[in-house]
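Let me begin by presenting the structure, written as structure tokens, before commenting on it.
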Amino acid sequence: MIDRREFRIAHETMAAALARRGPAWLNNDSPWVQAGLLDQRQRALKSELEALQAERNQVSRLIGQKKAAGEDATAEMARMKEVAARVRALDTEAREAEEAFSRALLEIPNPPDESTPDGVDESANVERCRRGIPRPDVTPPHWEIGEQMGILDFESAARLAGSRFSVLRGRGARLERALMQFMLNMHVDQHGYEEVWVPAIANSKTLTGTGQLPKFADDLYRLEGEDAYLIPTAEVPITNLYQDQILDASQLPIRHCGYTPCFRREAGSAGRDTRGMIRQHQFDKVELVWLTRPEQALAQLEQLLQHAEAVLQALELPYRVVDLCAGDIGFSACRTIDLEVWLPSQQCYREISSCSSFAQFQGRRAGIRYRAEDGKPRPVATLNGSGLAIGRTLVALLENGWQEDGRVRLPAALQPLMNSEFL
RNA sequence: GGAGAGAUGGCUGAGUGGCUGAAAGCGCGCCCCUGCUAAGGGCGUAUAGGCUAAAACCUAUCGAGGGUUCGAAUCCCUCUCUCUCCGCCA
């Protein structure tokens, strides 16, 4: 959520930043323009209401004093009865105006950071660098490799749950588990994160805190009859661990890693990546989350990125680093850097981690604040990134480790956990 | 699922209709005293919004929502959550 005060005071600056996401964000029917109108109305009504309340409070106190002194106060009481009625009516109106304004504010995305490259779609993303050397040949797709080995079973998954689910068997199931273990160990032992284990279900307030609601309800699985959703990413519960808290500045940065399953309806992506386990309704992910001071957020995003890269490096997977442009970053982010892993069957790089700074956008929405040196609470900045998406990592390992003899060679780092040189 | 108890500021915890945004304590900040340490004293210290150059000031907030009243932390209703006991259960 953008800052209300800044919305008024730095209106033009913010509008210019927002426009970099695409001109539609400033249309007449956009939340941006609507919020401007609703703010004026909301403030006018509130001022009127507050003046009336001030009068009521003052006279009510007087009535109390008169009664205590044994004096007659019936005239004041009669007058206040009218005022009370007007207060009630105005209060309803002002409250509705305030709620309308708040709703509009919640639909305005985070203005991109200055450092985010210009551009309206992914074609304008900036490749920063490539690491590792992609194998020169084209391999079979992972689903063929996996089905041949008997470790991937999409037929059973479809019967159990539908399309876009997977069943792992034997060594495949073990690899999924080994990856989870490997990634978490690395972030805890080498990168100093505190591991957390959190619910995979969250309520609407929590999902609003990190920005999935109200705008992206269609992407979420909702539990029938309850205010509860399956989480689309561990970012949601982990960030909200501190919802509505005022942290001490000395606690920052707070850095957590955690594994959760993730659930996405993939409502808008029918027909894309329909085969295999690239795009699933349920997938596993290890997530990295930081809560930090706003002025340090961007520098620390680079550290977080390195922690995610370290996993790819340890797994000997070729990848590239891509700086997303203003039109391609997510709703809540102001800066995003993706890691894309080489998939030799598709001869291209595919996203395997997305590392973002949200500046104070989520901190403000979720009520996560810290007490700054001046003693005033300020929203914390939040960062998060995948470290990594486990299913896609498994895919990359299958394809990059595949050999002509049908076996899949495992990177040295995984061999102890898998108790074998090959899958 | 049934019965009971509870929810107050960063924390503990008073407070059953009128200067209570809230006693007291802890914590924290500044100052004083004490030639170390310990102890002691004074003052300050919630959040959000509005209006301000900044204050002053005004408004709201005692789990959430609604009601009674001139006036609600305090009375009534609904809901949520926590705890205890019972039931069920990995």
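Proteins come first, then strands; the chains are lettered A, B, ... in the order of their sequence lines, and each starts at number 1.
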Cut-off 3.5 Å, side chains only: do A:Gln65 and A:Arg61 have a donor facing an acceptor? no

A:Glu399 and A:Ser345: side chain donor to acceptor below 3.5 Å: yes

Could you walk me through whether A:Arg169 and A:Asp153 pass the salt bridge (Lys or Arg N to Asp or Glu O under 4.0 Å) check? CA-CA 7 Å; A:Arg169 291 177 182 271; A:Asp153 180 359; 3.0 Å; yes

Chain A contact limits on RNA chain B, taken 5' to 3' with a cut-off of 4.0 angstrom to heavy atoms: B:G18 to B:G71

Considering every strand and a 4.0 Å limit on heavy-atom distances, what is the contact class for A:Arg79: base, sugar-phosphate, or nothing? nothing

What contact category does A:Met77 fall into here, base, sugar-phosphate, or nothing, at under 4.0 angstrom with non-hydrogen atoms? base

Aromatic contact, [X] with [Y] (centres under 6.0 Å):
X	Y	value
A:His256	A:Tyr242	yes
A:Phe154	A:Trp143	no
A:Tyr229	A:Tyr221	no

Residue pairs passing the side chain to side chain donor-acceptor pair (under 3.5 Å) test where at least one lies in residues 81-95 of chain A, sequence neighbours excluded: A:Asp91-A:Arg95

Roughly how far apart, to the nearest Å, are B:G15 and B:G21 at atom C1'? 13 Å

Nucleotide-level pairing of RNA chain B, given in dot-bracket where Watson-Crick and G-U pairs need both distances under 3.5 Å and | marks other strands: ((((((((.[[[..)..(.....]]]((((((.......))))))(((((......))))).[[[[[..)....]]]]])))))))....

